[in-house]
**Q** 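Okay, handing you the structure first.
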Amino acid sequence: MNRQRAVVALAATAAALLLATPATALSPQEAARARLHYLQHCMGCHLADGRGAPEQGVPSMRGLAGRLLTLPGGREYLVQVPGVMNSGLSDADTARLMNWLLPQVSAETLPPGTLPYDAAEIARLRRHRPLDMIATRQALIELLETQSPAR
């Protein structure tokens with residue numbers, strides 16, 4: 001009987017650990033590939049740490065990316081910006097990049113239970129891009145400003 005309880009306890013612990021693993025967890029190889037893609041396709045504007053150059057019109061992603069995920073259209077916006085749309089990365093590589101990037105630049109503001117991007121979602125979002133990305137970004141920022149302060 002004690003052995004059966006031990007097996008049940010072990011199984012329950014393993015299940016809890018699996019459920020506690022973030023949905024965006026990547027293998028070390030996937031994370032390294034995503035980081036390389038960031039360095040190749042994003043760092044030129046957003047810099048190595050995602051802080052961008054706001055004075056030159058390149059927004060900082062630090063903390064902001066996670067907050068955008070709380071807004072209608074924010075998740076879509078993050079992958080519809082010109083740099084992502086025109087990166088030349090496959091849909092799967094773009095999903096991997098976003099799933100690596102969000103915890104890197106916005107761990108403290110990521111909404112609990114954030115679902116990872118997948119290749120099918122990236123493909124769908126790439127087909128439907130807003131005509132005016134600057135206006136879209138401004139509307140999202142204004143909406144954020146009406147909400148409570150960042151965490």
Side-chain angles (χ1 to χ4, degrees), residues 12-151:
T13 302
L17 288 172
L18 286 174
L19 291 174
T21 302
T24 57
L26 300 173
S27 72
Q29 296 82 6
E30 290 173 318
R33 183 174 178 164
R35 182 178 182 279
L36 177 62
H37 285 149
Y38 180 83
L39 295 174
Q40 292 172 329
H41 298 280
C42 311
M43 186 180 87
C45 295
H46 289 285
L47 306 179
D49 64 356
R51 66 184 149 95
E55 65 284 352
Q56 296 173 351
V58 180
S60 172
M61 293 185 290
R62 310 256 350 133
L64 177 63
R67 292 184 65 212
L68 287 173
L69 291 172
T70 67
L71 302 176
R75 181 177 176 90
E76 295 83 353
Y77 169 79
L78 287 173
V79 298
Q80 292 172 329
V81 296
V84 175
M85 294 286 286
N86 301 320
S87 70
L89 293 173
S90 71
D91 296 332
D93 281 337
T94 300
R96 187 178 302 109
L97 170 61
M98 295 306 295
N99 293 335
W100 171 82
L101 179 64
L102 289 169
Q104 296 298 313
V105 299
S106 286
E108 71 283 354
T109 60
L110 271 182
T114 297
L115 296 174
Y117 286 97
D118 63 29
E121 180 181 16
I122 298 297
R124 180 179 53 80
L125 294 175
R126 282 182 161 166
R127 287 191 301 268
H128 305 286
R129 180 177 167 197
L131 294 176
D132 188 343
M133 289 306 294
I134 294 172
T136 299
R137 180 175 70 193
Q138 187 58 41
L140 289 168
I141 297 301
E142 288 173 8
L143 186 56
L144 276 178
E145 289 171 355
T146 66
Q147 295 182 345
S148 60
R151 297 185 253 176

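As a basis for the values below, the full set of heavy atoms in this structure was taken, side chains included, without hydrogen atoms, waters or symmetry mates. The first residue of the sequence shown is numbered 1, and numbering continues consecutively from there.
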**Q** Given side chains that start at C-beta, do those of P130 and M133 come closer than 4.5 Å, heavy atoms only?
**A**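 Counting from C-beta outward, P130 and M133 do come under 4.5 Å.
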**Q** In chain order, what residues pass the salt bridge (Lys or Arg N to Asp or Glu O under 4.0 Å) check against R126, with sequence neighbours excluded?
**A**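 Residues passing salt bridge (Lys or Arg N to Asp or Glu O under 4.0 Å) with R126: D91.
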**Q** Mind checking side chain to side chain contact (heavy atoms under 4.5 Å, CB included) for Q40 and listing every partner two or more places apart, or none if nothing turns up?
**A**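 Listed in chain order: L36, H37.
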**Q** Taking only residues two or more places apart in sequence, or in another chain, which ones meet Q104 in a side chain to side chain donor-acceptor pair (under 3.5 Å)?
**A**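 Q104 satisfies side chain to side chain donor-acceptor pair (under 3.5 Å) with no other residue.
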**Q** Suppose we screen for side chain to side chain contact (heavy atoms under 4.5 Å, CB included). Which residues come up paired with V79, at least two apart in sequence or across chains?
**A**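 V79 satisfies side chain to side chain contact (heavy atoms under 4.5 Å, CB included) with V84, M98, Y117, I122, L125 once adjacent residues are dropped.
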**Q** Are T109 and T70 side-chain neighbours, meaning at least one heavy-atom pair lies under 4.5 Å?
**A**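 With C-beta onward as the side chain, the pair stays apart.
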**Q** Which residue pairs satisfy the side chain to side chain donor-acceptor pair (under 3.5 Å) criterion with at least one member in residues 42-54, sequence neighbours excluded?
**A**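 Of all non-adjacent pairs touching residues 42-54, those that pass side chain to side chain donor-acceptor pair (under 3.5 Å) are D49-R51.
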**Q** Below 4.5 Å, heavy atoms only, C-beta onward: do L143 and P72 meet side chain to side chain?
**A**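 A side-chain contact exists here, since the closest heavy-atom pair is under 4.5 Å.
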**Q** Could you pull out all residues at least two apart from R33 that satisfy salt bridge (Lys or Arg N to Asp or Glu O under 4.0 Å)?
**A**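 Partners of R33 under the salt bridge (Lys or Arg N to Asp or Glu O under 4.0 Å) test: D93.
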**Q** Output the distance between atom CD (E30) and atom CG (N99), rounded to the nearest 0.5 Å.
**A**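 Atom-to-atom, E30:CD and N99:CG are 9.0 Å apart.
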**Q** Taking the side chain as C-beta and beyond, is there a heavy-atom pair between P82 and R129 under 4.5 Å?
**A**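 The answer is yes, as the side chains (C-beta and beyond) meet within the 4.5 Å cut-off.
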**Q** Hey, mind stepping through I134 and Q138 against side chain to side chain contact (heavy atoms under 4.5 Å, CB included) and telling me if it holds?
**A** CA-CA 6 Å; I134 294 172; Q138 187 58 41; 5.6 Å; no
**Q** Are the side chains of I141 and E145 in touch, meaning some heavy atoms are under 4.5 Å apart?
**A**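 In contact.
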**Q** To check you understand the geometry: which heavy-atom pair defines the closest contact between G52 and P54, and what is its length?
**A**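 Closest heavy-atom pair between G52 and P54: C-CD, 3.7 Å.
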**Q** I need the full list of side chain to side chain donor-acceptor pair (under 3.5 Å) pairs touching residues 78-89, with sequence neighbours left out, sorted by first then second residue.
**A**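 Matches after skipping sequence neighbours: none remain.
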**Q** Taking the side chain as everything from C-beta on, heavy atoms only, tell me whether S106 gets closer than 4.5 Å to L69.
**A**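 S106 vs L69: side chains apart.
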**Q** Which residues pass the side chain to side chain contact (heavy atoms under 4.5 Å, CB included) test with L140, not counting sequence neighbours?
**A**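 Once residues adjacent in sequence are excluded, the partners of L140 under the side chain to side chain contact (heavy atoms under 4.5 Å, CB included) criterion are L68, L71, Y77, T136.
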**Q** Would you name the heavy atoms of A95 and A119 that are closest together and state the gap between them?
**A**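 Where A95 meets A119 most closely, the heavy atoms are CB-N, 3.9 Å.
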**Q** How long is the gap from CG on L78 to CG on L102, to the nearest 0.5 Å?
**A**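 Nearest 0.5 Å value for the CG-CG distance: 6.5 Å.
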**Q** Partners of Y38 by ring-ring contact (aromatic ring centres under 6.0 Å, His included), sequence neighbours excluded?
**A**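 Expected list: W100.
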**Q** Going by salt bridge (Lys or Arg N to Asp or Glu O under 4.0 Å), name the residues that satisfy it together with D118, two or more places apart in sequence or in a different chain.
**A**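 D118 satisfies salt bridge (Lys or Arg N to Asp or Glu O under 4.0 Å) with no other residue.
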**Q** Tell me, please, which residues at least two apart from E55 pass side chain to side chain donor-acceptor pair (under 3.5 Å).
**A**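 By the side chain to side chain donor-acceptor pair (under 3.5 Å) rule, E55 matches no residue at all.
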**Q** List the atom of G50, the atom of V105, and the distance in Å for their closest heavy-atom pair.
**A**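 Taking every non-hydrogen atom into account, CA-CG1, 4.2 Å.
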**Q** Sequence neighbours excluded, which residues qualify as salt bridge (Lys or Arg N to Asp or Glu O under 4.0 Å) partners of R62?
**A**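 R62 satisfies salt bridge (Lys or Arg N to Asp or Glu O under 4.0 Å) with no other residue.
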**Q** Looking at every heavy atom in both R75 and L115, which two are closest together, and how far apart are they?
**A**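 Residues R75 and L115, closest heavy atoms: NH1-O, 2.9 Å.
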